[in-house]
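A quick write-up on the structure given underneath.
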Amino acid sequence: MEVSKDQMSMLLENNLFESAQMLGCFLVSSPASSQEPNPYLKAEYLVLQGDAFYGGKEYRRALSAYKQALQNCKSIPRQGGNSTRTSLSATTRSPSPSSFSISTINENEVKFKVALCLSALNEHRSALFEMENIPSKARTLRMNLTMGKLYRISRNNRSASTCYKECLRQCPYVLEAITALAELGVSSKEILLLFSQTPTKIGRFSSDYQDSQRWLNRYVEAQCCIASNDYKGGLDIFAEILSRFPNNVHILLEMAKIEAIIGRSDEAIMNFEKVRIIDSCVLTYMDEYAILLKSKPDHAKLNKLVHDMLSTDPARPETLVALSAHWERKDERRAFSYADKSIKIDDRHVTGHIMKGNLYMSLNRPEGAVAEFKIAQDLRADIRSYQGLVRAYLALSKSKEALFTAREAMKAMQQSAKALKLVGDVHAVNSSGREKARKFYESALRLEPGFLGAALALADLHVLEGRNKEAVSLLEKYLKNWADDSLHIKIAQVFAATNMLSDALSHYQAALRINPQNEAGKKGLERLEKQMKGMDPDAPEEEDDNEPEDGEGDQEDPDLV
């Protein structure tokens, strides 16, 4: 043979994809590949060439090679009885496109490779069509997991559940399938029942198996708690698992993500920092960490985080969202561009949609924000997507839609103080709803006494109703336990409104010591200093008549993506 198939396989096994692509051209054009005595040789060569293209991330070329291989198989007459097609067992060969030691064609595996190429090209419907042509009994563990993901993308949740359940019947340790089933509303009891249907190769009655089964069962319960918005229950179980597996990066990340979602910023930052000490190259959920650092703000840590993420993988959606958070304060349009790129890489990346929605709000484009928050909510409803939608609807003066969304959040998250506050925020917009708003804010504080957001909102309501003393009294209670710039600014604003200027000054200064970049603090202090000098803070500033005009004028920014 002029070109050896074994040499091609060796190149692929060593991930030398560029060399394999070049050698593949010789392989598929060799005279041996067109000889009649071995009808499958051409198909085998095409599969190998497709594997080389796939390894080099040339998915279109890989797709073409795999399809040609299948076409060659169809052109060969099938034999009765014992077919010459030897189907390779999933236990002896992986269905991954990087598996190469084949002597005959398994058409189901080639169809799976076609589906993987289509999925990489975001042609999910076509990928699902290819997968559905593989008989259910021939589907491997990875095939079922891939199908589950494709069904979720196509919003066929029932079929997705079926695929994920089949994964757990084959292997109970597919944690992706456990999380997906929890998010799809399957109960922990039903998920745990699947474990008993797993083949008995694992040694079920050994003490090691029983020990691992205990933590796995608790892991299932934690994910189901989180999916049903029982965040406290989920965190408690994860803390229990963490005591069994100290410094477990996956569990620390899961805990940090939940803490970020429910507003426990300090705890989330602490867990993210633990993860970074253990593994500085991890990217999972690091965009959540970047957003927290931006809100603190801790620019030094944010800069270091973004630098490390860029060094690890600049093309990951988490890296692009972190870049968006990094640029938000300095250049909102550049930040918007990075958030948009993150979604183009992975249109199911929830944090990217939330970031983009918030940037739309900053750029005074609430219609775009509504679209982004709706997508985020559809992918994974959490309090942040509800909050974003309510803010966007209120900006559009759509009070009915805002109230419906807030009530939906309260119904979905019955023990969430933030959901209660959200309903209060909608009622507080109209003077006729302020009494209702007060009740919701007070309910939120009874449920979560340390919820600063509800305390600030209630203080605002007191001020609007002329109850300045009550506002100050409420806020001063929180000052004992919170070193928060927004809290100092709120008290400063109340003191300034009641002409207690020296008290207002001390609180503005305290706020800017905590966060020198706080724009509300800077503007408030500037306004207060004018008041203290006896000047009208609302009077327009005098312009210098001799100041030269800018001949070019402002350059209009290009339209947003």
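We number each residue from 1, following the sequence as shown.
- Side-chain atoms of Ser228 come within 3.5 Å of backbone atoms of Cys224 as a donor-acceptor pair (strictly under, hydrogens ignored).
- Contacts of Leu16 classified as side chain to side chain contact (heavy atoms under 4.5 Å, CB included), with partners at least two apart in sequence or in another chain: Leu11, Asn14, Ser19.
- In this structure, the side chains of Leu175 and Leu216 come closer than 4.5 Å at one or more pairs of heavy atoms.
- For the residue pair Leu452 and Ser486, the shortest heavy atom distance occurs at CD2-OG, 4.4 Å.
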**Study point:** Pair His427-Lys439, side-chain contact (heavy atoms from CB on, under 4.5 Å): steps then yes or no
**Key:** CA-CA 10 Å; His427 285 302; Lys439 290 178 180 177; over 6 Å; no

Derivation and outcome, side-chain contact (heavy atoms from CB on, under 4.5 Å), residues Met309 and His326: CA-CA 12 Å; Met309 293 176 76; His326 171 74; over 6 Å; no

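- Nearest heavy atom pair, residue Ala437 against residue Gly424, reads CB-O, 3.3 Å.
- Atom CZ of Arg407 sits in a sparse spot, with 12 or fewer heavy atoms from other residues, nucleotides or ligands closer than 6.0 Å.
- The CZ atom of Arg446 lies 9.5 Å from the CG atom of Leu420; values are rounded to the nearest 0.5 Å.
- Annotation: cation-pi geometry satisfied between Arg334 and Trp327 (NZ/CZ under 6.0 angstrom from ring centroid, within 45° of ring axis).
- Counted within 6.0 Å of NZ on Lys57, heavy atoms from surrounding residues, nucleotides or ligands total 12 or fewer; the atom is thus considered open.
- The shortest side-chain heavy-atom distance between Ile345 and His349 does not fall under the 4.5 Å cut-off.
- Using modelled atom types and a 3.5 Å distance limit, the side chains of Tyr219 and Asn217 yield no donor-acceptor pair.
- By the neighbour-count criterion of 12 heavy atoms within 6.0 Å, atom CD of Glu240 is densely surrounded, having more than that number from other residues, nucleotides or ligands.
- The pair Glu526-Lys523 does not count as a salt bridge, with every side-chain nitrogen at least 4.0 angstrom from each carboxylate oxygen.
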Let me see the working for Asn248 and Ile241 under side-chain contact (heavy atoms from CB on, under 4.5 Å), right down to the final yes or no. CA-CA 9 Å; Asn248 183 312; Ile241 296 172; 5.5 Å; no

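- Ring pair His488/Tyr508: centre-to-centre distance not below 6.0 Å.
- Distance check: Glu221 CD to Asp236 CG gives 12.5 Å after rounding to the nearest 0.5 Å.
- Ionic pairing of Arg384 and Glu288 is present here: one or more N-O contacts between side-chain nitrogen and carboxylate oxygen are shorter than 4.0 angstrom.
- Between the CG atom in Leu242 and the CD atom in Glu254 there is a gap of 12.0 Å [rounded to 0.5 Å].
- Nearest heavy atom pair, residue Ala392 against residue Val370, reads CB-CG2, 3.5 Å.
- In this structure, Asp425 and Tyr441 have side chains that are in contact, with non-hydrogen atoms separated by less than 4.5 Å.
- No donor-acceptor pair under 3.5 Å is formed between the side chain of Ser385 and the backbone N or O of Ala381.
- Under the 6.0 Å cut-off for aromatic ring centres, Phe373 and Tyr386 do not qualify, their centroids lying 6.0 Å or more apart.
- Smallest separation of non-hydrogen atoms from Gly234 and Ile226: CA-CG1, 4.1 Å.
- For Ser324 (side chain) and Ala335 (main-chain N/O), a donor-acceptor pair under 3.5 Å exists by modelled atom type.
- Exactly one residue among Glu328, Glu332, Glu372 makes a salt bridge (Lys or Arg N to Asp or Glu O under 4.0 Å) with Lys356. That residue is Glu372.
- Contact check on Asp346 versus Arg316 returns no salt bridge, with no Lys/Arg side-chain nitrogen under 4.0 Å from an Asp/Glu carboxylate oxygen.
- Inspection of the Asn358 and Arg391 side chains reveals an N or O donor paired with an N or O acceptor under 3.5 Å.
- Ring geometry, Phe495 versus His507: the interplanar angle falls under 30°, so the pair is classed parallel (tilted spans 30 to 60°).
- Between Tyr54 and Tyr59, the angle of the ring planes goes over 60°, which puts this pair in the perpendicular group of the 30/60° scheme.
- Scanning all heavy atoms of the two residues, the minimum distance from Pro172 to Ile178 falls at O-CD1, 3.7 Å.
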Does Asn229 form a side-chain hydrogen bond (donor to acceptor under 3.5 Å, both in side chains) with Tyr231? I'd like the steps, not just the answer.
CA-CA 5 Å; Asn229 303 306; Tyr231 296 115; 3.3 Å; yes

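- With sequence neighbours excluded, the residues forming a side chain to side chain contact (heavy atoms under 4.5 Å, CB included) with Ala180 are Arg152, Tyr164, listed by chain and number.
- Looking at every heavy atom in both residues, Lys421 comes nearest to Ala457 through CE-CB, 4.0 Å.
- A 4.5 Å side-chain heavy-atom check between Arg329 and His299 finds at least one atom pair inside the cut-off.
- Within a 6.0 Å sphere centred on NE2 of His307, other residues, nucleotides and ligands contribute 12 heavy atoms or fewer.
- Within the 4.5 Å cutoff, the side chain of His124 has heavy atoms near those of the Asn122 side chain.
- Rounded to the nearest 0.5 Å, atoms CZ (Arg264) and CE (Met255) are 9.0 Å apart.
- Between the side chain of Thr319 and the backbone N or O of Asp313 there is at least one donor-acceptor pair closer than 3.5 Å.
- Proximity of Phe336 to Met355: side-chain heavy atoms (C-beta onward) are nowhere separated by under 4.5 Å.
- At least one side-chain heavy atom of Asp308 sits less than 4.5 Å from a side-chain heavy atom of Arg276.
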Practice item. Evaluate the side-chain contact (heavy atoms from CB on, under 4.5 Å) criterion for residues His250 and Phe245: first the C-alpha distance (whole Å), next the side-chain angles of each, then the deciding distance (0.1 Å), finally the verdict. Key: CA-CA 10 Å; His250 173 64; Phe245 299 95; over 6 Å; no

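- The shortest distance between side-chain heavy atoms of Leu150 and Ser119 falls below 4.5 Å.
- A side-chain hydrogen bond (donor to acceptor under 3.5 Å, both in side chains) with His462 is found for one member of Glu470, Arg438, Arg467 and no other, namely Arg467.
- Counting only N and O atoms by type, the side chains of His353 and Asp347 include no donor and acceptor under 3.5 Å apart.
- Summarising the geometry, atom CD1 belonging to Ile261 is positioned 11.5 Å from atom NZ belonging to Lys418; distances are rounded to the nearest 0.5 Å.
- Salt-bridge check for Asp378 with Lys374: failed, with every basic side-chain N at 4.0 Å or more from each acidic carboxylate O.
- Atom-to-atom distance recorded for Ile278:CD1 and Asn247:CG is 4.0 Å, nearest 0.5 angstrom.
- In summary, of the residues considered (Leu456, Ile491, Leu458, Val494), a side-chain contact (heavy atoms from CB on, under 4.5 Å) with Leu474 occurs for Leu458 alone.
- Contact check on Glu519 versus Lys522 returns a salt bridge, with a Lys/Arg side-chain nitrogen under 4.0 Å from an Asp/Glu carboxylate oxygen.
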>> Using salt bridge (Lys or Arg N to Asp or Glu O under 4.0 Å), reason through Asp382 and Arg380 one step at a time and then give a plain yes or no.
In response: CA-CA 6 Å; Asp382 66 41; Arg380 187 192 68 216; 3.3 Å; yes

